[in-house]
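As a basis for the values below, the full set of heavy atoms in this structure was taken, side chains included, without hydrogen atoms, waters or symmetry mates. Reminder, nothing fancy here: chain letters follow the sequence lines and each chain counts from 1.
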Protein chains: 2
Amino acid sequence: MHAVQEFAYAVIVLETTDDAVPVGRREQNKIDTRRAIADAAIDLALSVGPGSFTVDQIAVRAGVSRRTFFNYFHSAEDALTVRTDGFLDLALEVFGRMPQDEPLFDSIIRAFTETTRMEGLSQHGALFRMADSNPDLLRAQLHSWERAEVRIVEGLRRRLGADASELYLTALVGSVLSCTKAAMRDWAAVSHDSTGNPGQELEERILAVLTMLRDGFSPRTTGPVSRA
Amino acid sequence: MHAVQEFAYAVIVLETTDDAVPVGRREQNKIDTRRAIADAAIDLALSVGPGSFTVDQIAVRAGVSRRTFFNYFHSAEDALTVRTDGFLDLALEVFGRMPQDEPLFDSIIRAFTETTRMEGLSQHGALFRMADSNPDLLRAQLHSWERAEVRIVEGLRRRLGADASELYLTALVGSVLSCTKAAMRDWAAVSHDSTGNPGQELEERILAVLTMLRDGFSPRTTGPVSRA
DNA sequence: CGAATTCTTGCACAGCGTGCAACAAGATGT
DNA sequence: ACATCTTGTTGCACGCTGTGCAAGAATTCG
């Protein structure tokens with residue numbers, strides 16, 4: 001019994017008008033279920049804290065059986081990484097739309113900074129901070145970045161062709177993601193009590209740190225953004 | 001009943017003459033037990049493959065109860081990261097011995113390349129490759145690198161003083177570790193059937209990739225090492 | 001509508017991770 | 001050497017995890 005399914009028609013109409021891709025009922029139900037589970041997990045994590053709830057509770061809240069939960073995610077923490085996955089997937093997609101003749105690092109920087117503007121960032125900060133006190137969640141998030149790294153390397157290989165060695169590609173992408181991760185961590189660490197535009201603050205950090213990476217690290221430039 | 005403890009005397013003598021730090025029996029037993037567990041886990045992983053054995057099997061092989069295993073490690077995969085932890089700890093220690101007036105990146109590069117020469121690398125490659133087919137082990141390893149990142153940031157902060165922002169530090173260390181990780185992955189991927197000196201091959205990769213990072217990535221240099 | 005496909009669900013089961021209390025081994029002081 | 005305190009080990013119990021399997025329900029297809 002899908003709790004989600006009650007809204008199936010409405011959602012289909014909305015999604016269809018958006019994508020103009022008439023997706024079947026099966027596929028749509030799976031998308032909805034996945035969403036419902038992820039939302040339930042995030043809600044729970046935000047309310048009672050990460051690691052303080054069971055898979056059963058997520059399943060109940062999502063209107064799904066325990067077994068079905070495990071058909072979609074391997075663990076409770078995995079359900080909390082859909083936001084991270086989504087962000088990185090979107091960044092990759094945006095990157096794919098960049099002009100091929102543009103300098104590589106300009107494309108990379110723009111891909112990430114522009115992605116920041118589209119994504120709802122409200123939950124990202126909280127999720128990031130949770131990882132500080134929850135090793136399992138941290139691992140899940142690290143895995144999420146790792147999976148994205150593989151996809152991005154593939155996308156980059158398509159752009160650079162066979163010129164670049166595998167080592168160069170993985171080192172480059174790994175560094176870019178490490179810097180982005182550092183920027184998001186730093187951004188998430190500052191308390192977001194309605195001070196300025198959060199999205200812009202993140203964008204500035206990403207820009208700063210990726211520029212630093214492009215030009216080579218050097219101790220003289222200690223970075224424009226500093227924290228107490 | 002420690003199986004390890006049978007050798008307690010001999011080990012103590014050896015260790016004491018090495019370190020000149022007379023460590024108590026308690027502490028020494030813990031070190032031995034930890035070693036025994038880790039060795040048992042790695043042996044099992046190498047023989048039957050990762051994820052194909054239980055904690056009980058590790059405990060039995062280490063001559064320790066199941067409960068004691070969990071006093072030392074949180075999971076079977078955690079016991080497989082002691083090598084990675086050791087490598088990164090050693091690198092940090094070597095880095096700490098570098099002259100303060102040396103250019104930062106020279107110290108970093110030398111710290112890693114020299115660490116490669118001291119560490120027994122036989123198991124590192126195998127452990128790295130295992131992670132490809134075992135998500136849990138991959139997560140554990142990623143976590144290991146993450147923990148090291150924190151320690152290294154701290155060590156670097158001590159060297160750079162308060163000049164460097166937290167964002168700069170984490171981005172720098174994260175990139176360095178990502179590059180090193182990429183080098184080790186690339187190195188581990190090639191089959192090590194007695195072709196040349198494995199240690200040197202790894203060292204070359206680390207040197208290449210960290211130099212690239214220091215000078216800034218640029219698509220013209222596609223990296224000296226290429227794979228089929 | 002009937003058949004084929006695919007998803008959900010309940011069940012069962014081995015294994016995980018931890019709190020707890022009893023016990024053993026090492027450390028400490030006289 | 002002995003009594004005592006501290007610290008580490010062990011077995012037990014218990015709830016939760018993750019997965020294979022088969023039955024049933026929903027969707028798709030002809």
Any A:N29 side-chain nitrogen or oxygen under 4.0 Å from OP1 or OP2 of D:dT27: yes

task: Take atom CG of A:D32 and atom C1' of D:dT27, then tell me their distance rounded to the nearest Å.
output: 14 Å

task: Let me know the distance between CZ of A:R139 and C1' of C:dG17, rounded to the nearest Å.
output: 13 Å

message: So, does A:H74 get its side chain near the phosphate of D:dT19, meaning an N or O under 4.0 Å from OP1 or OP2?
response: yes

Protein-nucleotide distance (A:F69, atom CZ; C:dG10, atom C1'), rounded to Å: 18 Å

Between C:dC16 (C1') and A:D136 (CG): distance, integer Å: 12 Å

message: Tell me whether B:D39 is salt-bridged to B:R83, with the criterion being a basic N under 4.0 Å from an acidic carboxylate O.
response: yes

task: Measure the distance from CD on B:Q28 to P on D:dT9 and round it to the nearest whole Å.
output: 13 Å

message: Is there, by distance only and without an angle test, a donor paired with an acceptor across the side chain of B:R67 and the base of C:dG19 below 3.5 Å?
response: yes

- line: Whole-Å distance, B:F73 CZ to C:dC16 P, equals 15 Å

- prompt: Counting any heavy atom closer than 4.0 Å, what does B:D56 reach on the DNA or RNA strands: base, sugar-phosphate only, or nothing?
  reply: sugar-phosphate

- line: Rounded to the nearest 0.5 Å, the CD atom of A:E77 sits from the CG atom of A:D136 at a distance of 4.5 Å

Check: B:R66 side chain, C:dG17 base, donor-acceptor under 3.5 Å: yes

task: State whether B:S65 places a side-chain N or O below 4.0 Å from either non-bridging phosphate oxygen (OP1 or OP2) of D:dT10.
output: yes

message: Quick check for you: to the nearest 0.5 Å, what is the distance between A:F69 atom CZ and A:T33 atom OG1?
response: 13.0 Å

field: Of A:Q28, A:R34, A:R35, the residue whose pairing with A:D32 passes side chain to side chain donor-acceptor pair (under 3.5 Å)
entry: A:Q28

query: Within the pair A:Y72 and C:dT8, is there a side-chain N or O less than 4.0 Å away from OP1 or OP2?
result: yes

task: Using whole Å, report how far CD of B:E77 lies from C1' of C:dG15.
output: 12 Å

task: Could you check A:N71 against B:A76 and say which one's nearest nucleotide on DNA chain C is further toward the 5' end?
output: A:N71

For nucleotides 28-30 of chain D, list the nitrogen or oxygen atoms of the protein found under 3.5 Å from its nitrogen or oxygen atoms, one pair per line.
from	atom 1	to	atom 2	distance (Å)
D:dT28	OP1	A:R25	N	2.7
D:dT28	OP1	A:R26	N	3.3

Euclidean distance, atom CZ of residue B:F70 to atom C1' of D:dT9 [Å, nearest integer]: 15 Å

Minimum heavy-atom distance A:E149-A:T170, with the two atoms named: OE2-O, 3.8 Å

message: Looking only at the side chains, is there a donor atom on one of B:N71 and B:R67 sitting less than 3.5 Å from an acceptor on the other?
response: yes

- request: Determine whether the side chains of A:T84 and A:T81 contain a donor N or O and an acceptor N or O closer than 3.5 Å.
  value: no

message: Less than 4.0 angstrom between a side-chain N/O of B:T54 and OP1 or OP2 of C:dG15, yes or no?
response: no

